[in-house]
A.B. asks: 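One structure follows; several queries about it will come next.
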Amino acid sequence: MRFTVFALVAAFFVVVALVHAQDCNNPQTQAEMNQCATKDHEAATRELNEIYNKYRDRLNKEQKEGIQEVQHAWMRFCDLTCRFESSGVEGGSAYGSLYQVV
């Protein structure tokens, strides 16, 4: 019973923290910084996908196959780079804001 009450209280504080983290111009806690980094990452991913799809639509069949191969290599490069660049803070509270995996 105690654990259930504790879990509910903890969940409440997590929700409150997420609701208050709306101002990404001035995040106050690491949790807010992580949440803002996630929002930024998601917005950049949406923009990148939109640009990529517009570009891809102009290509012929062979070029589309070629760019898909390039895209996979680029994604692998990005993942490896993110792992390396964030390895110094792995396990810490800043890790989530430095390492984003799509």
Side-chain angles (χ1 to χ4, degrees):
M1 178 70 170
R2 276 188 176 164
F3 180 75
T4 303
V5 172
F6 176 76
L8 289 173
V9 170
F12 171 77
F13 284 111
V14 167
V15 170
V16 169
L18 292 174
V19 168
H20 290 305
Q22 299 301 317
D23 183 14
C24 287
N25 292 322
N26 190 24
Q28 298 295 310
T29 67
Q30 187 63 55
E32 290 174 349
M33 289 181 230
N34 291 352
Q35 182 181 11
C36 291
T38 297
K39 285 181 182 180
D40 290 344
H41 178 260
E42 289 170 351
T45 298
R46 279 191 303 274
E47 183 178 0
L48 180 62
N49 285 335
E50 182 179 318
I51 293 167
Y52 171 81
N53 287 328
K54 285 180 182 178
Y55 177 74
R56 190 175 181 279
D57 288 343
R58 300 184 319 189
L59 303 177
N60 65 38
K61 183 181 177 183
E62 292 79 23
Q63 290 172 321
K64 286 179 181 180
E65 291 171 3
I67 199 169
Q68 186 175 9
E69 188 176 339
V70 171
Q71 181 189 24
H72 290 148
W74 179 76
M75 290 170 64
R76 175 95 170 116
F77 169 79
C78 288
D79 186 47
L80 291 171
T81 301
C82 286
R83 284 185 199 178
F84 175 75
E85 294 293 334
S86 63
S87 64
V89 294
E90 189 170 359
S93 60
Y95 184 73
S97 64
L98 294 175
Y99 181 67
Q100 297 288 330
V101 178
V102 178

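Side chains are part of it too, since the values below use all heavy atoms of this structure and drop only hydrogens, waters and symmetry mates.
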A.B. asks: Partners of Gln63 by side chain to side chain contact (heavy atoms under 4.5 Å, CB included), sequence neighbours excluded?
C.D. replies: Leu59, Asn60

A.B. asks: Listed by chain and number, what are the side chain to side chain contact (heavy atoms under 4.5 Å, CB included) partners of Arg76, not counting sequence neighbours?
C.D. replies: Leu80

A.B. asks: Please name all residues satisfying side chain to side chain donor-acceptor pair (under 3.5 Å) with Gln28, sequence neighbours left out, ordered by chain then number.
C.D. replies: Asn26

A.B. asks: Out of curiosity, Gln35 CD to Asp40 CG, how far, rounded to the nearest 0.5 Å?
C.D. replies: 11.0 Å

A.B. asks: Sequence neighbours left out, cut at 3.5 Å: what donor-acceptor pairs do the side chains of residues 48-57 make with other protein atoms?
C.D. replies:
residue, atom, partner, partner atom, Å
Asn49, ND2, Thr45, O, 3.3
Glu50, OE2, Lys54, NZ, 3.4
Tyr52, OH, Gln71, OE1, 3.2
Asn53, ND2, Asn49, O, 3.1

A.B. asks: At what distance, to the nearest 0.5 angstrom, does OG1 of Thr38 lie from CD of Glu42?
C.D. replies: 6.0 Å

A.B. asks: Which residues satisfy the side chain to side chain contact (heavy atoms under 4.5 Å, CB included) test with Thr29, sequence neighbours excluded?
C.D. replies: Ala31, Glu32

A.B. asks: Any salt bridge (charged side-chain N to carboxylate O under 4.0 Å, His left out) involving residues 63-74? Give me the pairs, sequence neighbours left out, ordered by first then second residue.
C.D. replies: none

